[in-house]
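Here the structure comes first, spelled out in structure tokens, and everything after it is commentary.
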Protein chains: 2
Amino acid sequence: MVEPVKKPTRKTDGFVANDTTLRTFVGYHMKRAFNVVQADLAKTLKPFELRMLTYTALVLIVDNPGLSQSQLADAMDVERPNLVVIVDELEQRELIVRQRVPTDRRAYALRVTLKGQHLFQQATDAVTAHEKALLGDIDTGAQDTMIATLIHIQSGGAKG
Amino acid sequence: MVEPVKKPTRKTDGFVANDTTLRTFVGYHMKRAFNVVQADLAKTLKPFELRMLTYTALVLIVDNPGLSQSQLADAMDVERPNLVVIVDELEQRELIVRQRVPTDRRAYALRVTLKGQHLFQQATDAVTAHEKALLGDIDTGAQDTMIATLIHIQSGGAKG
DNA sequence: TCATAATAGTTATATTCTATAATTATATTC
DNA sequence: GAATATAATTATAGAATATAACTATTATGA
């Protein structure tokens with residue numbers, strides 16, 4: 001049974017802007033593609049009341065039990081002050097705990113709670129399924145090539 | 001003459017977080033790679049007092065003389081209210097003008113000024129050079145594959 | 001040892017980007 | 001001509017991002 005397609009697409013008539021200059025930039029394509037992925041991710045995480053940043057922090061705490069906020073901030077490429085609110089949110093929702101480190105009383109060891117572990121698993125299943133739905137029809141070889149290229153860029157490309 | 005390398009790398013010692021779960025997501029790699037590209041772009045545009053959004057708007061106005069703000073917002077995937085401040089900024093710097101459209105007095109036709117055209121050319125040369133420096137060592141085939149894949153994702157991937 | 005510097009976390013603050021509702025002026029449609 | 005839609009705008013709020021400054025604690029080195 002085919003749903004009759006609604007037309008909420010007001011937008012600007014049939015006009016399509018000429019973006020030939022921008023298309024010469026790889027970054028332009030990266031941004032536009034990432035917008036789509038990010039929007040899909042946000043929608044996927046919404047039922048769990050997670051955003052990309054809070055989900056990423058939760059995952060990294062699961063995979064790195066006991067790491068400090070500084071280490072987490074470093075892993076997420078986020079400034080320490082900005083990480084505080086993210087950790088606050090996860091802690092208030094009782095998804096993680098801040099444990100004092102006996103050997104260094106300045107630092108906290110971050111650990112996931114049982115509740116956090118469960119939410120992590122549910123959210124990760126959902127994100128995995130949604131990514132597969134979004135990108136599943138892309139040729140495996142092309143996907144591998146893209147990931148390798150993206151990793152290369154991460155390390156600074158020709159500069160790194 | 002080799003500069004002695006400074007060590008401003010405080011960061012978290014030698015610790016490297018385990019991100020195996022996140023690495024299963026293509027979006028994770030896209031975000032991290034785009035962070036690098038975006039940071040490079042911001043630095044490149046800084047001397048021209050342009051940001052990614054103001055530069056993008058300027059380029060699209062150059063390539064689409066006379067387009068309306070709604071059309072520009074649509075092309076940039078930005079909400080109309082948010083575009084106003086971008087156009088305001090470009091107009092105040094006399095890089096573009098808002099021209100009333102005789103046939104539709106609600107709309108403005110956006111056009112670049114001579115000053116804007118010059119800044120566009122300088123900035124575009126700089127951005128082109130910086131992208132080449134950043135991504136120049138990537139295999140051409142891999143680059144083409146990535147761009148094709150990114151374009152495919154833009155149109156909604158398996159969903160579109 | 002003690003003074004100094006460095007680190008972990010936090011608070012405060014500012015900028016930018018993004019998103020929605022509501023308003024005015026003009027155009028379109030029935 | 002009345003109702004509706006569109007273009008641009010204002011107002012507002014939520015997020016992400018970045019820097020400076022502060023407290024508490026740890027590390028360094030004269």
Side-chain angles (χ1 to χ4, degrees), chain A residues 7-15 31 34-35 38-39 41-43 45-46 49-57 66-91 96-110, chain B residues 7-15 31-32 34-36 38-39 41-43 45-46 49-57 66-91 96-110:
Chain A
K7 275 253 289 183
T9 36
R10 295 289 153 269
K11 296 294 166 184
T12 42
D13 204 26
F15 176 84
K31 166 137 178 72
F34 182 68
N35 277 352
Q38 152 72 18
L41 177 64
K43 214 169 22 175
L45 293 176
K46 190 148 213 175
E49 294 181 87
L50 289 168
R51 301 184 308 283
M52 182 173 63
L53 286 176
T54 52
Y55 172 69
T56 302
L67 92 168
S68 71
Q69 292 185 195
S70 289
Q71 289 169 339
L72 180 55
D74 191 37
M76 291 179 64
D77 259 312
V78 159
E79 297 300 319
R80 261 79 38 120
N82 299 327
L83 187 75
V84 172
V85 300
I86 295 171
V87 172
D88 280 350
E89 187 176 328
L90 294 175
E91 189 189 37
I96 66 163
V97 290
R98 280 173 162 113
Q99 288 181 341
R100 276 291 178 195
V101 177
T103 60
D104 186 344
R105 291 181 2 207
R106 293 169 301 181
Y108 288 113
L110 305 176
Chain B
K7 276 251 287 181
T9 36
R10 293 291 154 269
K11 296 294 166 184
T12 44
D13 205 25
F15 177 84
K31 166 138 177 71
R32 291 184 75 88
F34 182 68
N35 276 353
V36 172
Q38 153 71 18
L41 177 65
K43 214 168 22 172
L45 292 176
K46 189 145 214 177
E49 293 181 87
L50 290 167
R51 300 184 307 284
M52 183 174 59
L53 287 176
T54 51
Y55 172 68
T56 303
L67 93 168
S68 71
Q69 292 186 194
S70 290
Q71 290 168 338
L72 180 55
D74 191 37
M76 291 179 66
D77 258 310
V78 160
E79 297 301 320
R80 262 79 36 120
N82 298 326
L83 186 74
V84 173
V85 300
I86 294 171
V87 172
D88 280 351
E89 187 176 329
L90 293 176
E91 190 189 37
I96 65 162
V97 290
R98 278 171 164 114
Q99 286 181 341
R100 276 291 179 196
V101 177
T103 60
D104 187 344
R105 288 180 5 206
R106 295 169 300 181
Y108 288 113
L110 304 176

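Per chain, numbering begins at 1; letters A, B, ... match sequence-line order. Computed from a predicted model, the values in this text were never measured in an experiment.
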### Summary
With sequence neighbours left out, the residues meeting salt bridge (Lys or Arg N to Asp or Glu O under 4.0 Å) with A:E49 are none

### Message
Going by side chain to side chain donor-acceptor pair (under 3.5 Å), name the residues that satisfy it together with B:N82, two or more places apart in sequence or in a different chain.
### Response
none

### Atom-pair distance (CE on B:M76; C1' on C:dT16), nearest Å
13 Å

### Message
If the condition is side-chain contact (heavy atoms from CB on, under 4.5 Å), which residues does B:L67 pass it with, not counting sequence neighbours?
### Response
A:F15, B:I61, B:N64, B:Q71, B:L72, B:L110

### Task
Return the minimal non-hydrogen interatomic distance between A:V78 and A:L83, and the atom names on each side.
CG1-N, 3.8 Å

### Query
In whole angstroms, how far is the C1' atom of C:dA8 from the CD atom of A:Q99?
17 Å

#### Entry: Euclidean distance, atom CD of residue A:E91 to atom P of C:dG9 [Å, nearest integer]
12 Å

### Query
Is any side-chain nitrogen or oxygen of A:S70 closer than 4.0 Å to OP1 or OP2 of C:dG9?
yes

### Task
With sequence neighbours excluded, tell me which residues meet side-chain contact (heavy atoms from CB on, under 4.5 Å) with B:Q99.
B:V97, B:A109, B:R111

### Message
Show me the dot-bracket string of DNA chain C, counting Watson-Crick or G-U pairs under 3.5 Å, with | for pairs to another strand and [ ] for crossing ones.
### Response
||||||||||||||||||||||||||||||

#### Entry: Length of the line joining B:F15:CZ and C:dT7:C1', which is rounded to integer Å
16 Å

### Message
Once side-chain contact (heavy atoms from CB on, under 4.5 Å) is applied, do any residues pair with A:V85, and if so which ones, sequence neighbours excluded?
### Response
none

### Query
Could you state the NZ-C1' distance from B:K43 to D:dT17, rounded to the nearest angstrom?
17 Å

### Message
Please enumerate all residues that pass salt bridge (Lys or Arg N to Asp or Glu O under 4.0 Å) together with B:R105, with sequence neighbours excluded.
### Response
none

### side-chain N/O A:R51 vs D:dA16 OP1/OP2, d < 4.0 Å
yes

### Query
Would one find a side-chain N or O of A:Q71 under 4.0 angstrom from OP1 or OP2 of C:dA8?
no

### Task
Using atom CD of A:E49 as one end and atom C1' of D:dA15 as the other, report the distance to the nearest whole Å.
16 Å

### Message
I need the CG-P distance between A:D74 and C:dT7, as an integer number of Å.
### Response
13 Å

### Query
Which residues pass the side-chain contact (heavy atoms from CB on, under 4.5 Å) test with B:R106, sequence neighbours left out?
B:D104

### Query
What string of B, S and - do you get for nucleotides 18-25 of chain C, 5' to 3', when a contact is any protein heavy atom under 4.0 Å?
BBBB---B

### Query
Under the 3.5 angstrom rule, does the side chain of B:T56 hit a backbone N or O of B:M52 as a donor-acceptor pair?
yes

## Note on the structure
The residue, A:I86 or B:V87, whose nearest nucleotide of DNA chain D is more 5′ is B:V87

### Task
Rounded to the nearest angstrom, tell me the gap between atom CZ in B:R100 and atom P in C:dT26.
8 Å

